[in-house]
J.: 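Just dropping this structure here.
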Amino acid sequence: MSLDVNKNYDMQPVLEFKSSTFFVLVLIIYSNDLMMIEQKLREKISQAQDFFRNSPIILDVRELNLQEHEIDIIKLINLIRGVGLFPVGVRGGDDQQNLHAASLFIPVDMSQSTTSAQAEIQKAAYSSRPSAPHEVIKEIVVSTATTLISQPVRSGQRIYAPGDLIILTQVSAGAEIMAEGNIHVYNTLRGRALAGVQGNRDARIFCSDLQAELISIAGDYKTSEDLKDITPKKPVQIYLQDQALIIKELI
Amino acid sequence: MARIIVVTSGKGGVGKTTTSAAIAMGLAKRGHKTAVIDFDVGLRNLDLIMGCERRVVYDFINVINGEANLNQALIRDKNCNLLYILPASQTRDKDALSIEGVGRVLEELAKDFKYIVCDSPAGIEKGAYLAMYYADDAFVVTNPEVSSVRDSDRMLGILASKSRRAELGMEPIKEFLLLTRYDPNRVESGEMLSLEDVQEILSLHLLGIIPESKSVLTASNAGIPVILDEKSDAGMAYADVVARYLGEKRPHRFIESKKGFLRKLFGGK
């Protein structure tokens, strides 16, 4: 009887290994001040909660080690978990940090670990560079891949793109689209569009029919009240020039 | 395989229950075994529109809680023996609904029925969420006025992102537009949004236009789905809707005002 059962299992595949590539955010730490790290992280996350919610993170402590700032990796990982991110890996750690990470079942990327010899060599190069103590997290390195949306963006929906955002469909009133880079809407834009949300003042918005509730580039904005004179159904681009938001017809 | 249809809108008072009753009756009349479920727990209405309020013993919540089985709670319609009604509970609230419970009831119904029509409550909270969660098709009921269109748009966003089909990455819910309480005369005089205005915002597949009609109120008060009033314009419009849903091609009616003919004759537009 039991033999028969085994036979059945042999017929059907139970599991399979496949190799696959994923985009993951890398969080580079420049300071060992845990309080400041937590504060800055929470600030960043509050700007795009949907984007960061349960987001997997690879922790990069290489810079920190190069500057010989000591950090308790266990406390740091717990802090990152505490703000709602999922650390899935550590890179650039020294032997002890790697050991600590492993004790929390966090995989370690050995290819970029800071062995002491490597650190010695690179330290010289870094020591001449002025350190910026206030800037805790200088940047969050993300894939700048373009996000493409081909389903209508309905009222109440929010879309956040870490790079450029291209939308082929209409964006309804009451919807919100945000990108760290440029925004292209090849249809009617009735909702809110915010480009360069992390402060990129060179970001632009392009759309083929501007009827937006609000447009913003790097925090400078115009509401539909200011857009009354725009002819609808004309393709336009919006960019920043000397602190002013310029709306220009494309054709 | 049963097809689960949700009749939804976001906004209240646009004609969801009237539509649910009419299309459920229409599908059953055309020979498909159909169940219609009232998801408006606490504000039970469907039983009135269907004229079966005197025969309610057990309800949807009783079935979810295992206090009654499905056959005890289903009420067979008096006009059509292929149509069954599962009424909502009037004494409870939406919190009595659970995602697992609703799933179980729908699964059991799916064994026996061809179409399951879910009459969604207004709003986007738990009742409306659970009514659409398991749906295969959505009838979005919209009135030709701005707030109704905006709410429908919001509901379409929820259908596209929070349904079971969306969560499992399956083929998305098929969305259809039903424009109800349409009055071509008022559209012409600019008091009401036109079909084009609505479609510019929603761009959906139009299943039908239901004209504003006295027969709807009369039918509701009598407890007879308006589709059975075959002489009324609303009844005919709902019959068209059911036929189109089942794949028939029928031209859209009730878009033009009746006076339009004379005006055309005298060259006005």
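Sequence lines set the chain letters: A, B, ... in the order given, protein chains first and strands last, and positions in each chain run from 1.
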J.: At a 3.5 Å cut-off, give me the donor-acceptor pairs between chain A and chain B, one pair per line with the distance.
T.:
from, atom 1, to, atom 2, distance (Å)
A/R154, NH1, B/D153, OD1, 3.0
A/R154, NH1, B/L202, O, 3.0
A/R154, NH2, B/L202, O, 3.1
A/S155, N, B/D153, OD2, 2.8
A/Q157, NE2, B/G157, O, 3.1
A/Q170, NE2, B/I201, O, 3.0
A/Q170, NE2, B/S203, OG, 2.9
A/S172, OG, B/D153, OD1, 3.1
A/S172, OG, B/D153, OD2, 2.7
A/R190, NH2, B/E200, OE2, 3.2

J.: For B/L202, which atoms come within 4.5 Å of any heavy atom of chain A: side chain, backbone, both, or neither?
T.: both
J.: At a 4.5 Å cut-off on heavy atoms, which part of B/L159 comes close to chain A: side chain, backbone, both, or neither?
T.: neither
